[in-house]
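So the structure is just underneath, and the comments pick up after that.
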Number of protein chains: 2
Amino acid sequence: MIPYTANTLKAELNSRGWRLTPQREKILHVFQNLPRGDHLSAEELQHTLEERGEPISLSTIYRSVKLMARMGILRELELAEGHKHYELHRPHPHHHHHMVCVQCNKTVEFNNDSILKQSLRQVEKEGFQLIDCQLTVTTICPEALRMGWPSGLPSNWACTRVISEDK
Amino acid sequence: MIPYTANTLKAELNSRGWRLTPQREKILHVFQNLPRGDHLSAEELQHTLEERGEPISLSTIYRSVKLMARMGILRELELAEGHKHYELHRPHPHHHHHMVCVQCNKTVEFNNDSILKQSLRQVEKEGFQLIDCQLTVTTICPEALRMGWPSGLPSNWACTRVISEDK
DNA sequence: CCCAACAAGATAATCATTCTCAATTAATCA
DNA sequence: TGATTAATTGAGAATGATTATCTTGTTGGG
Ligand SMILES: [Mn+2]
Ligand SMILES: [Mn+2]
Ligand SMILES: [Zn+2]
Ligand SMILES: [Zn+2]
């Protein structure tokens, strides 16, 4: 999939009766230049734009990010912080999944074409059309394990009951 | 994994310094008797209990459900309705994933041990400890497709940019 | 049975996200 | 290129799920 330019974005928007605005273009730009593995929340996106001297209202941020996710330009991630994060939607072979530490929220991406392939097969078998598939793996990261998790339970702590293949 | 009884639940709670209460027991009971494929939101859970003549305050519902998810007794699902859903956590071989229609929110469960196995391998390779892995597949269901999706865009509509294996 | 710690219930507070509405602007077309 | 019109923005209010607070009730250990 070719990266969007102002023109291709405009074409795609107009084809649906929507408009290319400076705000939408700038938002896309931020995501296109985001380092691999980074994800932005609505507020983080706003801060990024502010620092660039291109302030955009939060309302517009939310609206744009939602529209672009629905268009398939962005991917909406439900990780573990109480708010959504977004990243550029990159189909195969850049499609990837996430593992998140429930202790510190550290997030690591990983590729696995096989999962996509299996999902596609499963989905089509049921007569559905696949839009996206995200495997979210909740874990305890090495640092948390090293620090003796789950000893200091109280405030932020999670599950001991791990899933395993008892084949 | 053996289904919980009042006793095993009590043991597990007490081992962490928590207590077995009638509320927690009733909540577990609801989930244990929920038909396969059903998921409850906090409010739905409250309604269910109310109908049974066992009213529990929403505060307690939220607290219990969160605690039990962290203990690994329940699984927290981020599907597509703006609120969380819960189901009983059933490890292998009952572990499963979900496909959701972005048009009508219809949710279908499917099993796939291979995904769990691959996640486990991936996670351990990075030195993490796996707690849970959920593949959420966003789709368009057959009914929506049959009705000509995505013709009537406006209000509830989603992405055309589908992912595919262009192998 | 008694006490201290934990938990429930009622309600207020948070906080991410959505909505409202007046003012602005992009796309279309004469 | 200028008028027209619907889409979009920005500011702030509103919403709604979830969490926090506080008082009263319970549980579990001694
Ligand atoms: Mn964040
Ligand atoms: Mn629901
Ligand atoms: Zn961690
Ligand atoms: Zn549907």
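Keep in mind that this is a model prediction, so the values were computed, not measured.
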Qualifying residues under ring pair (Phe, Tyr, Trp, His ring centres under 6.0 Å), relative to His98(A), sequence neighbours excluded: His39(A), His96(A)
Closest nucleotide of DNA chain D for Ser57(A) versus for Ser41(B): which of these residues is on the 5' side? Ser57(A)
Check each residue of residues 77-88 of chain B for a non-hydrogen atom within less than 4.0 Å of any atom in DNA chain C, then write out the ones that pass by number, or none. none
First and last nucleotide of DNA chain C touching chain B, 5' to 3', heavy-atom cut-off 4.0 Å? dA5(C) to dT11(C)
Which residues share a side-chain contact (heavy atoms from CB on, under 4.5 Å) with Pro142(A), sequence neighbours left out: Arg146(A), Phe128(B)
Glu78(B): what forms a salt bridge (Lys or Arg N to Asp or Glu O under 4.0 Å) with it, not counting sequence neighbours? none
Pair up each side-chain donor or acceptor in residues 25-35 of chain B with any protein partner under 3.5 Å, not counting sequence neighbours, and list the distances.
unit_1, atom_1, unit_2, atom_2, d
Gln32(B), NE2, Tyr4(B), O, 3.0

Pairwise ring-ring contact (aromatic ring centres under 6.0 Å, His included) hits with a residue in residues 55-79 of chain A, at least two apart: none
For Thr21(B), the side-chain contact (heavy atoms from CB on, under 4.5 Å) test, sequence neighbours excluded, returns Gln23(B), Arg24(B)
What residues, two or more places apart in sequence or in another chain, satisfy ring pair (Phe, Tyr, Trp, His ring centres under 6.0 Å) together with His94(B)? none
Restricting to side chain to side chain donor-acceptor pair (under 3.5 Å), what partner residues turn up for Glu54(B), sequence neighbours left out? none
Sugar-phosphate or base contact per nucleotide [nucleotides 21-30 of chain D; S, B, -; heavy atom under 4.0 Å]: B----BBS--
Only counting residues at least two apart or in another chain, list the ones meeting ring pair (Phe, Tyr, Trp, His ring centres under 6.0 Å) with Phe110(B). His97(B)
Look at Tyr62(B) and dT18(D) and indicate whether a side-chain polar atom (N or O) is within less than 4.0 Å of OP1 or OP2. yes
